[in-house]
Novice: 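This is the structure, below, for whatever I ask next.
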Amino acid sequence: VSLPSDTAILDILPPPAPIPQNAPAPPGPVNEVEPNNTLATHQALTVPATVSGTAEFAQVGDLAVRGDGIEDAFRVDLSAADSLRFDLVTTTPGPNLDLYVLDENLRVLNETRQGTAQSGAERVCLDLGPGAYYPLVTNVDFPASVDGNYTLSVQSDPQTIACTLA
């Protein structure tokens with residue numbers, strides 16, 4: 001491959017291995033650990049969980065996804081396949097918060113534009129197999145000027161369709 005002389009060469013690094021498997025919080029309400037939850041210091045959640053947290057306006061963290069610096073990383077371990085719904089609700093007017101869900105190889109599982117609307121609540125619904133998954137929250141306002149308080153909920157979301165043949 002020949003590259004123009006003004007082209008930067010990027011090194012693509014493998015995901016950090018192993019990512020620590022921190023002890024999970026019990027199901028229910030959880031408070032985010034401040035000021036930042038990186039991959040190394042992420043909080044493990046037990047489904048169903050609701051996290052109350054804050055995404056600071058300062059760009060912090062050790063990971064970026066699709067150009068967004070990730071503020072808060074969480075982990076959900078599934079021992080069996082499940083359909084999960086991840087909901088992110090901003091409780092502070094103003095900041096634009098985004099939600100991403102990654103697998104244990106740090107691949108983004110969101111469909112195009114899912115979890116990254118310009119304003120309002122974010123939702124990502126996924127059918128997942130057994131393994132580790134990382135819901136990530138970021139304050140994407142640039143330049144951000146205000147912290148974004150949020151609620152992140154993670155719960156099973158079985159899709160039940162009923163029909164009657166006539």
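Only a predicted model underlies this, so the values are computations on that prediction, with no experimental measurement involved. We count residues from 1, following the sequence as given. Side chains included, hydrogens not; waters and symmetry mates left out as well; all remaining heavy atoms used.
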Novice: Can you name the residues that form a side chain to side chain donor-acceptor pair (under 3.5 Å) with Gln114, not counting sequence neighbours?
Specialist: none

Novice: What residues, two or more places apart in sequence or in another chain, satisfy side chain to side chain donor-acceptor pair (under 3.5 Å) together with Thr46?
Specialist: none

Novice: Quick one: salt bridge (Lys or Arg N to Asp or Glu O under 4.0 Å) partners of Asp147, sequence neighbours excluded?
Specialist: none

Novice: Between Ala23 and Ala44, what is the shortest heavy-atom contact and its length?
Specialist: O-CB, 3.8 Å

Novice: Main chain of Asn96, side chain of Gln118: is a donor-acceptor contact present, judged purely on distance under 3.5 Å?
Specialist: no

Novice: Quick check: do Leu126 and Leu84 have side-chain heavy atoms less than 4.5 Å from each other?
Specialist: no

Novice: Testing Val89, Leu97, Val51 one by one against Leu152 for a side chain to side chain contact (heavy atoms under 4.5 Å, CB included), which residue passes?
Specialist: Val51

Novice: Could you measure the distance from the CG atom of Leu102 to the CG atom of Leu136? Nearest 0.5 Å is fine.
Specialist: 5.0 Å

Novice: So, using side chain to side chain contact (heavy atoms under 4.5 Å, CB included) as the criterion, who are the partners of Thr50 when residues are at least two apart?
Specialist: Thr151, Ser153

Novice: Who pairs with Asn31 by side chain to side chain contact (heavy atoms under 4.5 Å, CB included), at least two apart in sequence or on another chain?
Specialist: Ser52

Novice: Can Thr91 and Asn149 be said to form a side-chain hydrogen bond (donor to acceptor under 3.5 Å, both in side chains), step by step?
Specialist: CA-CA 5 Å; Thr91 57; Asn149 296 324; 4.9 Å; no

Novice: Holding to side chain to side chain contact (heavy atoms under 4.5 Å, CB included), I want the full list of residues that pass it with Pro48, two or more places apart in sequence or in another chain.
Specialist: Pro27, Gln155

Novice: For the pair Thr138 (side chain) and Asp98 (backbone), establish whether a donor and an acceptor sit closer than 3.5 Å, ignoring hydrogens and angles.
Specialist: no

Novice: Hey, is the main chain of Arg107 close enough, under 3.5 Å, to the side chain of Asn105 for a donor-acceptor pair?
Specialist: no

Novice: Just jot down the side chain to side chain donor-acceptor pair (under 3.5 Å) partners of Ser156, sequence neighbours excluded, or say none.
Specialist: Asp82

Novice: How long is the gap from CD on Glu104 to OH on Tyr133, to the nearest 0.5 Å?
Specialist: 7.0 Å

Novice: Only one of Asp72, Thr90, Asn139 passes side-chain hydrogen bond (donor to acceptor under 3.5 Å, both in side chains) with Tyr150; say which it is.
Specialist: Asp72

Novice: Considering residues at least two apart in sequence or located in another chain, which fulfil the side chain to side chain contact (heavy atoms under 4.5 Å, CB included) criterion with Arg113?
Specialist: Thr116

Novice: List in chain and number order the residues that pass salt bridge (Lys or Arg N to Asp or Glu O under 4.0 Å) with Arg85, two or more places apart in sequence or in another chain; answer none if no residue qualifies.
Specialist: Asp87, Asp157

Novice: On a heavy-atom basis, which atom in Val30 and which in Ala25 lie closest, and how many Å separate them?
Specialist: CG2-CB, 4.0 Å

Novice: According to ring-ring contact (aromatic ring centres under 6.0 Å, His included), does anything in residues 68-117 pair up with another residue at least two apart or in another chain? List the pairs.
Specialist: none

Novice: What are the two closest non-hydrogen atoms of Gly148 and Pro95, and how far apart are they?
Specialist: CA-CG, 3.5 Å

Novice: Among residues at least two apart in sequence or on other chains, which ones pass ring-ring contact (aromatic ring centres under 6.0 Å, His included) with Tyr134?
Specialist: His42

Novice: Within a strict 4.5 Å, meaning less than it, do heavy atoms of the Val65 and Asn110 side chains meet?
Specialist: no

